[in-house]
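Only one structure is covered here, and it is reproduced in the block below.
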Amino acid sequence: MTSEPEHVAVVFEPGAQRVLARLSGKIDMDEAAGLRQDLIAALEGSSTGLDIDLAAVTFCDSSGLHVLLDVDQLAVQAGKTLVLTAFSPPVARLLHLSGAEQVLTVRAPVLWVEHRRYGPTAHLTPVGRLGRSTAGVLEEAAAGLAGVDVVACDMQKLILLDVAGLDALLAFARRLEGRGIAFVAYNWQPQPRELLDQADQQYPPAERPVQLRQWLRDLAAAARTAGEAKAAEAPPAGPGPGRPGPGRAPLYV
């Protein structure tokens, strides 16, 4: 078991024109002053500016945010640029809630999907914000699901979901249902979970459907039953890549 670093660490990768700074660990008030000095020194040593990778930052408070804003202002004054090339969910949440994403130059994707495949089971983890402008990311994910029986969608890194994103997610689930693929979404964060519950409340009590989260779980149960029936009709196969062997359970959620 590995523990998260208690302090921020910075690795600099100088380039011909720009310097890349890869940050990891926690950025708080105790770390801010030293980090500011390091980033300013890197900015001054570059020709055109500084790129910052925040993908491995596990915590960032307002002190870290002020460091980024201060260094960005110094870059502007020097005729250079500061660019955020990647960030972790905690950083993405801070940038969005503070409005700093509208001030800083961000070239990191707003939403991307981490994908792992274990035989007929695909594990998808959406990272970032799912909305109108990012719905196409789910379309891209669906295109790579040939031969999949189960899609397990871990929502722990989905930090924000709007109504357009919810519509896209439900359409994604229905398309999988139409293809006989079980779909289940779990580890909902507070904001997306609240939106799901609010969507349920829009219906009159007599017409209110099963809660959306329950509906997503029901999709998985129905498709799994169909998959088990299909498997029962198929000839037996020995253990192999992606197949449960002795002591190995299927990766259904």
Side-chain angles (χ1 to χ4, degrees), residues 55 84 86-102 106-117 121-146 148-227 251-253:
L84 305 185
F87 40 70
S88 62
V91 175
R93 185 179 299 111
L94 176 64
L95 293 176
H96 179 75
L97 295 178
S98 67
E101 64 181 3
Q102 304 299 324
V106 178
R107 292 182 185 162
V110 177
L111 177 76
W112 66 98
V113 178
E114 297 175 355
H115 186 286
R116 291 174 293 140
R117 176 78 176 265
T121 301
H123 291 256
L124 306 182
T125 304
V127 182
R129 307 199 312 272
L130 177 56
R132 182 182 304 277
S133 64
T134 56
V137 175
L138 294 179
E139 298 287 346
E140 296 175 3
L145 297 177
V148 168
D149 293 333
V150 179
V151 171
C153 207
D154 187 345
M155 296 301 193
Q156 65 175 326
K157 296 182 180 180
L158 183 68
I159 58 172
L160 288 164
L161 177 70
D162 64 17
V163 174
L166 176 58
D167 287 342
L169 179 64
L170 296 177
F172 176 70
R174 290 189 179 99
R175 282 195 298 274
L176 295 182
E177 179 186 25
R179 293 165 57 182
I181 299 175
F183 176 83
V184 60
Y186 61 100
N187 279 346
W188 291 96
Q189 293 300 300
Q191 187 275 332
R193 184 170 60 244
E194 181 180 354
L195 179 60
L196 289 173
D197 291 339
Q198 288 177 348
D200 283 320
Q201 299 303 318
Q202 300 305 309
Y203 294 88
E207 301 177 11
R208 187 169 298 162
V210 177
Q211 287 191 345
L212 290 174
R213 277 181 285 153
Q214 181 63 49
W215 178 77
L216 293 173
R217 288 194 294 266
D218 290 344
L219 278 182
R224 185 182 304 129
T225 299
L251 293 170
Y252 293 156
V253 176

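Model, not experiment: these values are computed from the prediction.
- Two residues are said to be in side-chain contact when any heavy atoms from C-beta on lie closer than 4.5 Å; Arg93 and Leu160 fail this criterion.
- Taken to the nearest 0.5 Å, the CG atom of Leu111 stands 9.0 Å off from the CZ atom of Arg129.
- Side chain of Arg117 to backbone of Ala122: no donor-acceptor contact under 3.5 angstrom is found.
- For the side chain to side chain contact (heavy atoms under 4.5 Å, CB included) with Phe172, the qualifying choice from Leu130, Asp167, Leu124 is Leu124, the only one to do so.
- Scanning for side-chain contact (heavy atoms from CB on, under 4.5 Å) contacts around Gln198 gives Glu194, Leu195, with sequence neighbours left out.
- Taking CD of Gln156 as the start and OG1 of Thr125 as the end, the distance is 6.5 Å to the nearest 0.5 Å.
- Looking at residues two or more places apart in sequence or on another chain, you find a side chain to side chain donor-acceptor pair (under 3.5 Å) between Arg175 and Glu139.
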Next on the checklist: Between Phe87 and Leu94, does the side-chain contact (heavy atoms from CB on, under 4.5 Å) criterion hold? Intermediate values first, please.
Outcome noted: CA-CA 10 Å; Phe87 40 70; Leu94 176 64; over 6 Å; no
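- Here Leu84 contributes atom CG and Leu95 contributes atom CG; the two are 6.5 Å apart, rounded to the nearest 0.5 Å.
- Distance check, rounded to the nearest 0.5 Å: SG of Cys153 to CZ of Phe183 gives 4.5 Å.
- Remark: the backbone N or O of Pro126 is not paired with any side-chain donor or acceptor of Glu114 at under 3.5 angstrom.
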Checklist entry - Checking side-chain contact (heavy atoms from CB on, under 4.5 Å) for the pair Val127/Leu158: CA distance, chi angles, key distance, verdict? => result CA-CA 5 Å; Val127 182; Leu158 183 68; over 6 Å; no
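- Residues Leu161 and Gln191 have side chains in contact (heavy-atom distance under 4.5 Å, counting atoms from C-beta outward).
- Rounded to the nearest 0.5 Å, atoms CG (Leu170) and CG (Leu138) are 10.5 Å apart.
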Next on the checklist: Please determine whether side-chain contact (heavy atoms from CB on, under 4.5 Å) holds for the pair Thr121 and Asp149, giving the CA-CA distance in whole Å, both sets of side-chain angles, and the decisive distance to 0.1 Å.
Outcome noted: CA-CA 6 Å; Thr121 301; Asp149 293 333; over 6 Å; no
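- The shortest side-chain heavy-atom distance between Arg193 and Asn187 does not fall under the 4.5 Å cut-off.
- Interatomic distance, NE2 of His115 versus NE2 of His123, reported as 10.0 Å (0.5 Å rounding).
- Contact check for Leu176 versus Leu145: side-chain heavy atoms found under the 4.5 Å cut-off.
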